[in-house]
Structures are given as C-alpha cells and as structure tokens.
There are 2 protein chains.
Amino acid sequence: MSQTRGSSNRPATATDVARIAGVSQSAVSRAFTPGASIAAETKLRIIEAARTLGYRPNAIARSLITRRSRVIGLVAAYLQNHFYPDVLELMSRRFQALGYHILLFTADAAAHADPVMEEILAYRVDGLILASTTLSSALAADCRAAGIPVLLFNRTARASQVSSVTGENERGGRLIGEFLIAGGHRRFGFVAGVEVSSTSQDRERGFRAAMAAHGLPEPLRAVGHYTFDGAAAAARTLLSRPDRPDAIFCGNDHMALAISEVARFEFGLKVPQDVSLVGFDDVGPARWASFSLTSFSQPVSTMVDRAVEVMIEQIEGEAPVPRDVIVPGELIVRGSARVPAGCVSINGQLVWRPEGSAP
Amino acid sequence: MSQTRGSSNRPATATDVARIAGVSQSAVSRAFTPGASIAAETKLRIIEAARTLGYRPNAIARSLITRRSRVIGLVAAYLQNHFYPDVLELMSRRFQALGYHILLFTADAAAHADPVMEEILAYRVDGLILASTTLSSALAADCRAAGIPVLLFNRTARASQVSSVTGENERGGRLIGEFLIAGGHRRFGFVAGVEVSSTSQDRERGFRAAMAAHGLPEPLRAVGHYTFDGAAAAARTLLSRPDRPDAIFCGNDHMALAISEVARFEFGLKVPQDVSLVGFDDVGPARWASFSLTSFSQPVSTMVDRAVEVMIEQIEGEAPVPRDVIVPGELIVRGSARVPAGCVSINGQLVWRPEGSAP
DNA sequence: TTGAAAGCGTTACCAT
DNA sequence: ATGGTAACGCTTTCAA
C-alpha cells in the first residue's frame with residue numbers, strides 16, 4: 001500500500017522524498033527534526049510525500065553525523081534469575097520512552113564482560129550498562145577514553161570511574177543476621193553467590209557483622225555461584241553436616257528457591273520448623289505460597305529508575321561525575337523463617353524493622 | 001594506557017590510524033577486513049598503530065555503506081514467563097557467535113507490535129524477530145517492501161510473508177487431551193492464554209479434538225491471558241464451580257504454576273488426587289519438586305537454533321522464501337497429573353507416547 | 001524559511 | 001598490494 005517499489009529496491013531516502021515533494025533534501029531533514037525551522041505547509045507536503053514512499057529517517061546515517069547512536073549497550077548474565085528479566089523489561093521500557101534502545105549482549109556469568117566489549121564499542125553505544133557483570137579496569141579506562149559512560153547494575157567496582165546502582169547489600173545482610181538471631185536460631189549458614197562479586201561479598205560482610213556483634217561464631221559457608229544447581233549442591237553440603245544449620249541466609253532468592261526445594265524434598269525438612277531460609281531480592285516467586293520466602297527486597301522498579309536516570313545524566317549532562325546509588329530495601333517477612341518480635345505491617349506486607357534501623 | 005587524548009576528544013578514526021602508520025585510509029580498512037588483499041607486514045604495522053590509538057572500526061559507518069547493520073530487532077513481551085528469558089539468552093548467544101547482535105524492544109503483550117516497529121525500522125535492522133507478538137499485515141508488508149525478513153517465534157501468522165518457528169501446539173494439545181482421558185478424568189478444563197494468539201488457539205483446538213474424538217463434552221474454559229495473575233483468576237473461576245474440573249490443561253507452564261498455587265493453597269486441593277494439571281513448554285520450574293509439572297515440551301534450544309538458522313537464511317540467502325518450522329516436543333510426565341499406562345522412559349525422563357503417536 | 005554544500009567514518013571500486 | 005575517490009543518507013553550517 002505504501003510502496004510501489006518491489007522488495008528488491010532500496011528503502012526510500014530523504015532525497016527521494018525531496019524530489020517528489022519538490023523541496024530540497026535539507027527540508028526533508030527539517031521536516032523530521034522536531035523544532036526545526038520549517039513552514040507548516042511545506043512540512044505537511046513533505047510528510048505526505050514521505051508516507052507515499054514509506055520513508056523513515058535512517059537512524060544509522062543520523063548517528064554517524066550526530067555522533068549519538070541513542071543505543072545503550074546492556075550486558076547481562078543470569079537471565080534464569082527472575083530478577084533480571086524484570087530488570088530487562090523495565091529498563092527497556094524506560095529507555096524506549098526516552099528514545100533510547102537497548103543492544104543486548106550476553107556474557108558468561110562469573111567472568112569479566114571484556115570479551116564482548118570489543119563488539120559493543122564498535123557500535124558506538126551512548127552508554128554501557130553491566131548487569132551483574134563487571135569489566136576490567138583496563139576496559140573501564142577505554143570506555144572513559146571513548147567517552148562512554150559505564151554503569152554497573154547490582155555490582156560495584158572498586159575504584160574505577162564508573163557509576164553503580166545497587167541495593168542495600170551490606171545493611172540487608174546485617175538485618176537478616178539480626179533477624180535470624182532474634183528468631184532464636186543457633187547455627188547459621190551462608191550460601192555465597194559468585195565469590196568475587198561485590199554483591200555477594202557485601203551481603204556476607206553484613207551478615208557476619210551481625211554474628212560478630214552478638215559474639216556468635218562464624219556461619220557455616222558454601223558457595224552457590226548464584227545458580228540454581230550450584231545452590232542446590234551447596235544446600236546438600238550444608239544440610240548433610242551433623243551440625244547442620246538451623247538458619248540459612250541464601251545469597252539471593254534464586255538460590256533460596258533451590259535451597260528450599262532441596263531442604264524440603266531431598267532432606268524432608270520442614271521450613272521453617274527445621275530450618276529457616278532467608279533470601280535476597282524479593283523476586284516474584286518469593287511471594288508464591290509454595291515458597292513464601294522471607295527476603296530482603298531490591299525494588300526493581302526504583303533501581304531501574306535510578307539507573308536510567310544516572311545513565312541519562314552521564315550521557316546528556318555537562319561534565320557529569322560517576323555516581324554510586326544505593327536503593328533502600330526492606331526485610332520482607334513471610335513464612336520461610338521463624339518470625340521474631342518487631343515486625344510491622346506496611347501496606348499489608350509484614351516487614352521487620354528493629355528499633356533504630358529505619359531505612 | 002591506550003589513549004593519550006583526553007576524554008573530550010573523539011575516538012580515533014581510520015584516517016588517524018593511517019596517518020601514524022604511514023599508509024592510506026583504505027589500507028586501514030583492509031587491515032580490518034578479513035580476507036582482504038593486504039601485505040602481512042603492512043597489516044601488522046596498521047594493527048599496531050590502531051592499538052596505540054585505541055582504534056576500533058566504527059560499525060555505524062560500516063553499516064551505512066554496506067547496508068547491513070548486523071543487528072536483529074527482537075520484540076519481546078512476557079518476560080515474566082520463564083520461557084522467554086531462556087529464549088533471549090540463547091538467541092543472543094547464537095547470534096553473537098555469528099556476528100549479529102540483538103536490539104531489544106518490549107511490546108505490550110496482547111497487542112500488535114506495530115507501535116514500536118516504527119523505531120525498529122529506523123535502525124535498519126537486518127531482520128526482525130517477534131517473540132510472542134505479532135504485527136499487522138500492513139506492517140508485515142512494509143517490512144517486505146523494506147526487504148527486512150520477519151520471523152515469528154512461538155506464534156504463526158495467517159497468510160503473511162513471514163516465517164515462523166513454533167512448537168507442536170496442536171499435536172501437543174491433542175496429546176494432552178488423550179493423556180488426561182486415558183488417565184480416567186471426566187470433567188475437563190482449559191485455561192486459554194491470549195485468545196487471539198495462534199498458539200493458544202492451536203493448543204485449544206488440539207485439546208478439543210481429543211475430547212471430540214472420544215465423544216466427550218467440551219471442556220470448561222477460562223482465559224488466563226498468559227499471565228500469572230490472570231491464570232490465578234481463571235483458576236478461581238474454574239475451581240469454584242460445583243462441577244469443577246478434575247483435570248485442567250493450562251495453556252502454558254507459567255499459568256500452570258499459578259493454577260497449581262491457587263488449587264493447592266487457596267482451595268486446599270491435592271494435585272493430582274483432586275485435580276490433575278498439565279502445562280505446556282516444560283520450563284525450568286516445571287521440574288521443581290514443588291510443582292513437578294506434567295507438560296508438553298517446547299525445546300528452547302532447538303527452537304532457537306531453528307529460528308537463528310531461518311533468520312540467517314532469510315538475510316543472507318538468495319531469494320529465500322518464508323518458512324514455517326514446527327519443532328517437535330514430548331509429553332513430559334511428572335507428578336501433577338494422574339499417570340495412565342503407556343509411559344516410557346527416555347534418558348531417565350518419563351514421557352507419554354501412546355501407540356501411533358511417535359513424533 | 002529555504003537550498004547548497006560540507007562533512008560523519010566507513011567500504012567499494014578504480015587505477016596504479 | 002596499495003592509494004585515490006566516490007558513495008552511503010543524513011545533519012549542520014552558511015548564504016540567500
């Protein structure tokens with residue numbers, strides 16, 4: 001309907017449109033540039049001509065000259081973890097609304113994102129978001145040199161010139177520790193995610209700080225690598241011990257689900273009567289009655305908002321400085337861990353806020 | 001380290017590299033074009049110069065002239081459904097390995113993908129994949145005119161010039177019907193996904209065909225819109241009836257999980273003693289002991305392979321014709337539905353293959 | 001308001 | 001094997 005040319009022909013260009021509208025090619029450009037100086041009447045004629053030809057401005061040519069691709073590179077891993085699809089979907093929507101789009105790269109989970117980065121940089125993305133991945137400081141330097149802002153999502157980097165958006169990993173870990181201690185547990189376990197990740201380290205540090213503050217021994221420990229199978233294996237290790245923990249802080253919800261499965265169906269344990277389980281993230285399945293998982297929340301929507309906000313500021317702002325944003329969460333209380341005193345109901349949801357820990 | 005210029009400067013171009021390597025800009029281009037005619041020695045000198053400058057070929061400029069962006073537009077919805085993150089991750093990896101990348105768009109689930117399409121086409125993607133979405137035939141025509149191959153993933157289109165990759169929706173639905181009938185059930189229920197989707201329609205048609213073939217009445221019916229909450233609501237409707245079904249075919253696993261939750265925790269029903277549940281997709285959580293879901297499989301890895309294969313053929317092949325690929329699945333038998341005779345164990349996994357239904 | 005012309009950073013096609 | 005030059009389709013001066 002909108003095309004008289006066959007499929008072998010090339011898409012219409014601004015020059016084609018200019019010809020049949022009887023204007024210059026520059027005029028066509030202006031017709032598609034909001035706020036450009038053009039007479040309403042000519043603009044109308046051009047738009048009309050464009051429609052007959054099925055013309056759309058070529059974003060590639062535009063990027064070449066404006067030096068802005070309006071594309072954000074996003075490196076993701078762990079898409080099995082329900083947290084990330086949510087992040088991806090929201091982030092894509094927010095950026096879409098701002099005229100940006102996401103070029104998706106997948107990286108191997110436990111490694112730096114370096115290998116795929118070469119390709120990303122070739123696309124001249126306006127910004128780079130690493131979700132649950134990090135990059136070498138060499139590459140971070142390359143990005144800085146190329147003027148490409150980098151943002152780590154759910155990770156922090158030691159001292160690079162990159163921004164980050166995370167949840168309250170350390171506070172969350174500590175609160176979970178306090179919560180389990182208050183619940184009267186005695187033998188604590190911790191299932192780490194990827195050991196080198198700042199997120200896992202921060203959560204563990206907070207958790208251990210709580211133990212230490214109460215003069216309790218260090219928690220037992222296993223590594224789940226943030227994967228379902230890894231966590232299941234970690235659970236088997238922990239739960240096979242004669243002195244098996246009566247409370248386990250699982251490094252994130254995705255692992256907590258696996259651990260809950262293993263505890264109940266392989267070891268025949270009752271949760272929380274035999275073992276209390278607490279996760280981190282508060283993803284969708286945590287709410288499912290099958291799991292009813294107590295978890296420290298990382299509010300995806302807010303985290304994404306802040307990430308988009310910071311990224312846009314880095315891209316469009318004058319001389320922006322990297323920012324580290326921490327998005328506050330809550331200890332969401334459900335049924336997978338024994339419940340101590342001190343819970344309050346917020347909007348119908350039980351949360352744990354011991355005195356003096358208001359977020 | 002690799003840059004002496006400040007961050008405000010522009011990234012190095014081939015001309016910059018040419019200058020310090022003492023060659024022409026064309027030579028630089030050849031140095032980065034595999035198989036181009038260039039002396040090994042000059043190439044080395046150029047690569048070296050490129051490294052000192054931190055030069056990377058600009059993919060945007062390249063796309064402009066080659067008319068190939070090496071970008072595939074992917075429109076996704078339903079990222080909460082575990083099926084799609086898996087698809088996304090695998091697809092991204094496969095394309096990455098072939099030098100293509102994915103530009104991600106999110107669309108509203110139940111609607112055509114038309115609104116975002118304008119933006120997609122501006123990026124001059126080499127191909128377009130719609131995962132669980134469709135497009136209007138007008139837009140399909142636009143894509144054909146623009147020479148952009150379109151592939152529907154997990155959907156089919158009536159008669160457009162687009163390719164598709166799906167599972168065995170109709171056969172799966174029929175097999176599930178046969179399976180439940182063989183299991184001795186009497187009152188059947190079906191929870192549809194998005195009613196206008198080919199996938200939901202095909203599954204339902206197969207299911208009803210099985211009922212009809214056995215002279216059984218039509219199944220009760222509710223619509224879950226392929227969402228968790230929608231399916232939960234549908235389950236409440238169905239299970240509240242005095243003649244509540246003793247077997248429900250849930251349009252996909254994502255909905256089956258919701259229905260299982262509602263049946264067990266809200267209605268106190270035992271699965272499968274009080275009600276049998278069968279899903280479709282065989283996603284990860286179907287295997288979890290909490291659900292142990294019987295489900296007709298859609299092998300993600302194979303489906304993605306075929307999708308990538310078809311897409312590459314459409315992009316790179318001579319005069320390719322649209323293809324409709326159906327990837328065979330199996331009825332994976334677990335504990336959520338009463339098990340009739342006729343199950344066989346394949347690689348340690350129970351599947352149902354009544355005589356004469358070998359895939 | 002409009003048009004002409006100069007790029008943007010490549011690849012492709014000539015010559016050499 | 002190499003260099004020069006013309007595109008690619010647009011935005012952005014700069015004059016008119």
Side-chain angles (χ1 to χ4, degrees), chain A residues 9-47 49-50 53-71 99 119 121-126 146-147, chain B residues 9-47 49-50 53-71 99 119 121-126 146-147:
Chain A
N9 279 309
R10 290 138 53 153
T13 71
T15 311
D16 299 333
V17 175
R19 194 164 32 237
I20 87 157
V23 295
S24 76
Q25 181 266 319
S26 320
V28 177
S29 171
R30 284 191 277 263
F32 285 93
T33 306
S37 165
I38 187 170
E41 187 198 359
T42 27
K43 179 165 179 175
L44 221 68
R45 205 165 69 245
I46 292 172
I47 299 290
L53 289 180
Y55 168 79
R56 282 172 247 277
N58 183 328
I60 301 210
R62 173 181 294 165
S63 300
L64 187 57
I65 188 136
T66 60
R67 292 201 170 78
R68 297 210 158 285
S69 59
R70 301 200 76 86
V71 168
E119 320 171 38
L121 295 181
Y123 279 98
R124 297 301 192 266
V125 295
D126 288 348
Chain B
N9 280 309
R10 289 136 56 151
T13 71
T15 311
D16 299 333
V17 175
R19 192 164 34 236
I20 88 158
V23 295
S24 75
Q25 184 265 321
S26 316
V28 177
S29 172
R30 283 191 280 263
F32 285 91
T33 306
S37 166
I38 187 169
E41 187 198 359
T42 32
K43 179 166 179 175
L44 221 68
R45 203 165 70 245
I46 292 172
I47 298 291
L53 290 179
Y55 167 79
R56 282 173 249 276
N58 183 328
I60 303 221
R62 173 181 295 163
S63 300
L64 187 58
I65 188 130
T66 60
R67 291 200 170 78
R68 299 212 155 285
S69 59
R70 301 201 74 86
V71 168
E119 318 171 39
L121 295 181
Y123 279 99
R124 298 298 191 266
V125 294
D126 289 347

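Note that the structure is a prediction, hence the values are computed from the model and not measured.
For the pair B:R10 and C:dG9, the criterion of a side-chain N or O lying under 4.0 Å from OP1 or OP2 is met. Side-chain N/O atoms of A:Y55 include one lying less than 4.0 angstrom from OP1 or OP2 on D:dC10. Within the 4.0 Å cut-off from OP1 or OP2 of C:dT11, at least one side-chain nitrogen or oxygen of B:S29 is found. At D:dT2, one or more side-chain N or O atoms of B:T42 fall inside 4.0 Å of OP1 or OP2 (strictly under the cut-off). The phosphate of D:dT2 has neither OP1 nor OP2 within less than 4.0 Å of any side-chain N or O from B:S26. Between A:R67 and C:dG9 there is a side-chain N or O to OP1 or OP2 distance below 4.0 Å. Look at B:T13 and you won't find any side-chain N or O under 4.0 angstrom from OP1 or OP2 of C:dG9. Distances shown here put a side-chain N or O of B:S37 below 4.0 Å from the OP1 or OP2 atom of D:dA1.
The distance between atom CZ of B:R62 and atom C1' of C:dC8, rounded to the nearest whole Å, is 16 Å. Atom P of nucleotide C:dG9 and atom CG of B:N58 are separated by 7 Å, given to the nearest angstrom. Atom P of nucleotide D:dG9 and atom CZ of A:R19 are separated by 12 Å, given to the nearest angstrom. Taking atom CZ of residue A:R70 and atom C1' of nucleotide D:dT11, one finds them 14 Å apart after rounding to whole Å. Remark: P of D:dT12 and CZ of A:F32 are 16 Å apart, rounded to the nearest angstrom. For A:Q25 and D:dC8, the CD to P distance is 12 Å, given to the nearest whole Å. Put simply, CG on B:D16 is 13 Å from C1' on C:dT10, counting in whole angstrom units. In this structure, A:R68 atom CZ and D:dT12 atom P are separated by 11 Å, rounded to whole Å.
Note that OH of B:Y55 is 13.0 Å distant from CG of A:L121, once rounded to the nearest 0.5 Å.
If you find the closest nucleotide of DNA chain D to A:R30 and to B:G22, the one lying nearer the 5' end belongs to B:G22. Mapping B:I65 and A:A59 onto DNA chain D by nearest heavy atom places B:I65 at the nucleotide closer to the 5' end.
Of all nucleotides listed (C:dT10, D:dT12, D:dT2), D:dT12 comes nearest to the side chain of A:T66. Of the candidate nucleotides C:dG9, D:dG4, C:dG3, D:dG4 has the atom nearest to the side chain of B:S24. Checked against C:dT2, D:dT12, D:dC10, the side chain of A:I38 finds its nearest nucleotide in C:dT2. Listed nucleotides C:dA5, C:dG9, D:dG3 differ in distance to B:A27; the shortest reach to its side chain belongs to D:dG3.
With hydrogens and angles ignored, no donor-acceptor pair under 3.5 angstrom links the side chain of B:R124 to the base of D:dG9.
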Requested in this report: Could you go through the side chain to side chain contact (heavy atoms under 4.5 Å, CB included) check for A:R30 and A:K43 one step at a time?
Outcome: CA-CA 8 Å; A:R30 284 191 277 263; A:K43 179 165 179 175; over 6 Å; no
Query raised in the report: Given the rule in the side chain to side chain contact (heavy atoms under 4.5 Å, CB included) test, do B:V23 and B:V28 qualify, once you have shown the distances and angles that lead to the verdict?
Result: CA-CA 8 Å; B:V23 295; B:V28 177; 4.1 Å; yes
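Among the protein residues, A:V23 comes within range of the sugar-phosphate backbone only, with heavy atoms under 4.0 Å from sugar or phosphate atoms but none that close to a base. Across all strands shown, B:R56 has heavy atoms under 4.0 Å from sugar-phosphate atoms exclusively, and none from any base. Within 4.0 Å of A:S63, counting heavy atoms only, lies no atom of the nucleic acid at all.
No donor-acceptor pair under 3.5 Å is formed between the side chain of A:R67 and the backbone N or O of A:L64. Side-chain atoms of B:R56 never come within 3.5 Å of backbone atoms of A:A122 as a donor-acceptor pair (strictly under, hydrogens ignored).
When all heavy atoms are compared, the tightest approach of B:P11 to A:R124 is CG-NE, 4.1 Å.
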